[in-house]
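Down below is the structure, laid out as structure tokens.
These numbers come from the heavy atoms of this one structure, side chains and all, not from hydrogens, waters or symmetry mates. By convention here, the first residue in the shown sequence is residue 1.
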Amino acid sequence: MKKQNFQITYLYENTTKENIELWLSKPIESSTQNNIEISSTIEPHKVTDYSFLNPIWYYSLKPTEKLKINYRYTGNRLKNRINQSKITEEEKLFFLRSTKLIPVNKEIKEQALSIIGDAKTDYDKAHQIYKFITKNFKYSTRFDERGVFSFLKRKKGDCGEFAALFCSYCRALNIPSKILYGTWTLKKFSPHSWSEVFIEGKGWIPVDPSMGRLKFFYHPFLNISTAIYYGVLSNKNKYFGDHEGKRFAFSIEPERTLEPNYEDSHSHFNTVEKACIAGKEIAWGYESVDGKAPFLQPIYPRIHSKEKKTPYKLLFGTWKGKHLEVTNDLSYKIKTTSFTIGFLVLFLEVLNEYLIYDPMFNYVLPFLSFPLILIGTILSLFRKEGNTLIYILGFIFVLSFMGLIGTYLT
């Protein structure tokens, strides 16, 4: 068994004056996350198992009560794993069904058929769908309604929208697929969603169209930031059939049935967080989608007090992850800190050049920013988390730093 290499600590605190009910998805093992150990400060009041999906733990937290859960696991890339190559007919049908957030109908099927062209195998069909979505849709967190049909109209959405459309097209072509809701492991509270598709002979393989859309020249800043903080793959084409192994899936599939039953409350302020799910607006944490949680990342709450505002900590809790190996954890922290401070100092240099005009800053700031960015670049190379843009940036700063030193020596 491969040694565990990551830990995620999840925290939830009831900051209201009444009890809060929580439905929490228990993460399960897969070909990209295994050897999972879970420790919780509170035993769940009820545990419900579901076929093909995660078990759900139910809690009722009193005011000021805190829940803390530690997850330790081994994260893998596709090339480092053995995958399941067969599923039952019952499981296949389950991951071909139509739902509100993964609809399958005549319109979706016609679109899917036009996308795949003359592709014959399920692998090639899914790959054509992946390429179509990454080419024709943009990433954005600013939208009014969550759902495949609204995503198709506006042509932009977040990672969950990308994953849902991919699954809709695949299911319309009789290719089993599912959405995973989880997080980037190493950056604090970084929710993410992606897909898996079942290919005969290969098993369930990961597909992340929202990451695959990042192009070298079109998204330079996103390419740099995701490599620095998430450790993403430099070749975004690999996000069909693989991922970097630095993420964790809390839950499988949207629209999760909850036990005990979720009782909607329409008694809430209009200022609470709301979401439009496939045409229906719900107050998050007060209402459900026909008795189901829209998705579990990793929880869905039922708030009983009448709150004026519902911050994300109240709706989702918070979490942070880290490497379990000391050297990996330390190198990641030094890398991200070096880049963050280095870029901030670089920004101060620009401000000084055009607004402040302080000669002392002209002398001091480059001696801070250049070495910090170089350290970050070297550690990116060491950790295999860099990309062409980061290495070009590092090379430019090497030359600049050498020129700077030469200037002061002459």
Side-chain angles (χ1 to χ4, degrees), residues 138-142 156 158-159 183-192 210-236 239 244 246-247 312 318 320-323 326-410:
K138 296 180 180 180
Y139 184 87
S140 175
T141 56
R142 297 180 180 180
K156 59 182 180 179
D158 65 9
C159 52
T183 182
W184 297 102
T185 299
L186 296 176
K187 195 168 188 300
K188 183 178 179 180
F189 191 73
S190 299
H192 189 50
S210 69
M211 287 308 302
R213 89 197 190 288
L214 290 180
K215 307 304 178 189
F216 180 77
F217 290 110
Y218 293 134
H219 312 98
F221 297 112
L222 275 174
N223 266 288
I224 291 172
S225 63
T226 53
I228 291 171
Y229 297 106
Y230 302 148
V232 303
L233 298 173
S234 57
N235 183 352
K236 302 305 184 291
Y239 278 103
E244 70 298 313
K246 295 168 186 172
R247 59 180 70 189
Y312 276 95
T318 188
K320 60 180 179 180
K322 67 175 185 178
H323 287 284
V326 175
T327 53
N328 281 336
D329 189 49
L330 185 61
S331 67
Y332 175 78
K333 289 178 178 176
I334 293 174
K335 181 195 77 165
T336 53
T337 303
S338 297
F339 273 125
T340 301
I341 298 176
F343 286 134
L344 284 174
V345 176
L346 197 62
F347 179 67
L348 287 176
E349 289 183 53
V350 175
L351 287 180
N352 184 59
E353 182 72 22
Y354 294 100
L355 295 175
I356 302 173
Y357 312 115
D358 189 318
M360 180 61 70
F361 281 179
N362 281 335
Y363 179 81
V364 174
L365 293 180
F367 278 100
L368 293 175
S369 64
F370 289 7
L372 286 169
I373 293 175
L374 285 176
I375 290 170
T377 304
I378 291 168
L379 286 174
S380 294
L381 184 63
F382 171 75
R383 291 173 55 85
K384 300 179 181 179
E385 292 175 344
N387 57 35
T388 305
L389 286 172
I390 288 177
Y391 298 142
I392 290 174
L393 189 69
F395 181 70
I396 291 171
F397 274 89
V398 167
L399 297 179
S400 300
F401 192 48
M402 291 172 63
L404 184 67
I405 292 174
T407 300
Y408 285 105
L409 288 178
T410 57

Measure the [atom1]-[atom2] distance between [X] and [Y] for me, rounded to the nearest 0.5 Å.
{"X": "L374", "Y": "I396", "atom1": "CG", "atom2": "CD1", "value": "11.5 Å"}
{"X": "K335", "Y": "I375", "atom1": "NZ", "atom2": "CD1", "value": "14.0 Å"}
{"X": "T340", "Y": "I228", "atom1": "OG1", "atom2": "CD1", "value": "7.0 Å"}
{"X": "I224", "Y": "N387", "atom1": "CD1", "atom2": "CG", "value": "7.0 Å"}
{"X": "T226", "Y": "K236", "atom1": "OG1", "atom2": "NZ", "value": "5.5 Å"}
{"X": "L348", "Y": "I356", "atom1": "CG", "atom2": "CD1", "value": "6.5 Å"}

Side chain [X], main chain [Y], donor-acceptor under 3.5 Å:
{"X": "S380", "Y": "I378", "value": "no"}
{"X": "Y332", "Y": "Y229", "value": "yes"}
{"X": "T337", "Y": "I334", "value": "no"}
{"X": "R213", "Y": "K138", "value": "no"}

- Task: Decide side chain to side chain contact (heavy atoms under 4.5 Å, CB included) for T318 and K188; before the verdict, give the C-alpha distance in whole Å, the side-chain angles of both, and the deciding distance to 0.1 Å.
- Result: CA-CA 8 Å; T318 188; K188 183 178 179 180; 4.1 Å; yes
- Query: Do the two ring centres, one from F339 and one from F343, sit under 6.0 Å apart?
  - Reply: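 Here the rings of F343 and F339 have centres that are less than 6.0 Å from each other.
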- Got a sec: does the CZ of F382 have more than 12 other heavy atoms crowding it under 6.0 Å?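 No, because the 6.0 Å sphere around CZ of F382 holds 12 heavy atoms or fewer from other groups.
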- Do other residues, nucleotides or ligands put more than 12 heavy atoms under 6.0 Å from the CZ atom of F189?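 Yes, enclosed.
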Search all heavy atoms of [X] against all heavy atoms of [Y] and return the closest pair with its distance.
{"X": "P366", "Y": "F361", "result": "CD-O, 3.7 Å"}
{"X": "R142", "Y": "K156", "result": "O-CE, 4.5 Å"}
{"X": "C159", "Y": "S210", "result": "CB-OG, 3.5 Å"}
{"X": "S369", "Y": "G342", "result": "CB-O, 3.7 Å"}
{"X": "L186", "Y": "R383", "result": "CD1-NH2, 3.9 Å"}

- Query: Are S331 and H323 close enough, and set up right, to give a side chain to side chain contact (heavy atoms under 4.5 Å, CB included), and what steps lead you there?
  - Reply: CA-CA 10 Å; S331 67; H323 287 284; 5.9 Å; no
- Message: Show, in sequence, the C-alpha distance, side-chain angles and deciding distance for T377 and L381, and conclude whether the side chain to side chain contact (heavy atoms under 4.5 Å, CB included) test is met.
- Response: CA-CA 6 Å; T377 304; L381 184 63; 6.0 Å; no
- Task: Please check if any side-chain donor atom of E385 sits under 3.5 Å from a side-chain acceptor atom of Y230, or the reverse.
- Result: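 No, no side-chain donor-acceptor contact under 3.5 Å.
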- Task: State which residue, out of V232, L233, N223, fulfils the side-chain contact (heavy atoms from CB on, under 4.5 Å) condition with L214.
- Result: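 In the set V232, L233, N223, the residue that makes a side-chain contact (heavy atoms from CB on, under 4.5 Å) with L214 is N223.
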